[in-house]
Protein chains: 2
Amino acid sequence: MATQTAADRRSAERDAYDAYLAACPTRNLLDRISDKWVTLLLCALQDGPRRYNELSRKLAGISQKMLTQTLRTLERDGLVTREVTPSVPVRVDYALTPLGTSLRATVEQLKLWAEANMDHVYLARAGYDARNESHQD
Amino acid sequence: MATQTAADRRSAERDAYDAYLAACPTRNLLDRISDKWVTLLLCALQDGPRRYNELSRKLAGISQKMLTQTLRTLERDGLVTREVTPSVPVRVDYALTPLGTSLRATVEQLKLWAEANMDHVYLARAGYDARNESHQD
DNA sequence: CAGTATCCAACTAGATACTG
DNA sequence: CAGTATCTAGTTGGATACTG
């Protein structure tokens, strides 16, 4: 009994943060990093520093607002660095921090998974829709 | 020249889907799976089938609407199965498909990353905010 | 138990125009 | 070049009430 309790306590301490809990701050962090722009930006920075306009071109269709906003959040959270070279015109380079690199490894899997399983998902949707349309009558 | 072109073509074929492109359907899929409820649900199903109310309790604070909606999307995309046992009251079990299991492996890393690096992110934010408040004057 | 249906406040994010 | 500022259409998701 005492053993059980001690084990439980140890386990609780190790898992101080638990995203299943609504009040846990990791719930918010998980929400932030679960974002397509975050994923694409971190991936776009994997081969070294990139300039603002390079990122803008690479992430086709992203608005200036979302690009700047996402980069600022990533910078504040310690995932990317922002280096300004005060030339004329000014040059700004974004790069991954070690923390950002550690997250990039994971979100890249997400991007690769989507690209690898798109066809599989298409098939699943077609099957689901076919099954559910036949229930209509 | 011919070699170059052939290599380009091969590369283009391998990367038929590219989430960097706005019009690519994987951009949408990436957006769908980049969702905290998707992550938490897939993780909650990792140890086997779970009933609707079990999931509701495990994902503290999720509304019925989001739970049902997310489960339906996951089912349609072929990531989870929904099994109805027509008892009274009815019993419904959700479980991961092989495709869902493959995605779960990745999103679990996301959840673990958030839980493991929360403190690091807190520190980064404090540093960023301190640096930027001192710029105010 | 496992949902469905509806309403709506709040947040999101694109478009647009402007700047050091 | 690398942003900022503003406006708003559209979406999201929680709350609430109801059902087989």
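To find a chain, count down the sequence lines: A is the first, B the second, and so on, and within it residues start at 1. Just so we're clear, the structure is a prediction, and the values are computed from it rather than from any experiment.
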Below 4.0 Å: OP1/OP2 of D/dA2 and any side-chain N or O of A/R82: no
For atom CG of A/L71 and atom P of D/dT4, their distance in whole Å: 10 Å
Short side-chain N/O contact to D/dC1 OP1/OP2 from A/Y94, under 4.0 Å: no
Same apolar cluster: B/L112 and B/L103, side chain cutoff 4.5 Å: no
Candidate nucleotides C/dA2, C/dG14, D/dA2, ranked by approach to the side chain of A/S63 - the nearest: C/dG14
Rounded distance in Å - CG (A/N132) to C1' (C/dT4): 15 Å
Euclidean distance, atom CG of residue A/D35 to atom P of C/dC11 [Å, nearest integer]: 17 Å
Phosphate-side-chain proximity, B/Y52 and C/dT4, N/O vs OP1/OP2 below 4.0 Å: no
D/dG20 - base-pair partner by Watson-Crick or wobble geometry, distances under 3.5 Å: C/dC1
Check: A/R82/A/Y94 side-chain N/O donor and acceptor closer than 3.5 Å: yes
Ion pair A/K58/A/E54, N-O distance below 4.0 Å: no
For atom NZ of A/K36 and atom P of C/dT12, their distance in whole Å: 13 Å
B/Q64 CD - C/dT4 P separation (whole Å): 10 Å
Toward the 5' end of DNA chain D, by each residue's nearest nucleotide, B/W37 or A/P89: A/P89
Nearest-nucleotide pick for B/K65, side chain only, options being D/dT4, D/dG14, C/dA2: D/dG14
Between C/dC11 (P) and A/D31 (CG): distance, integer Å: 13 Å
Nearest-Å distance for atom pair CG/C1', residues A/D93 and D/dG3: 15 Å
A/R51 side chain near D/dA2 phosphate (N/O to OP1/OP2, under 4.0 Å): yes
Whichever of A/V90 and B/E54 has its nearest DNA chain C nucleotide further upstream toward 5': B/E54
Donor-acceptor pair between A/D93 and A/Y52 side chains, under 3.5 angstrom: no
Rounded distance (Å) that lies between atom P of C/dT16 and atom CE of A/M66: 18 Å
Polar side chain donor-acceptor pair, B/D119 to A/Y17, under 3.5 angstrom: yes
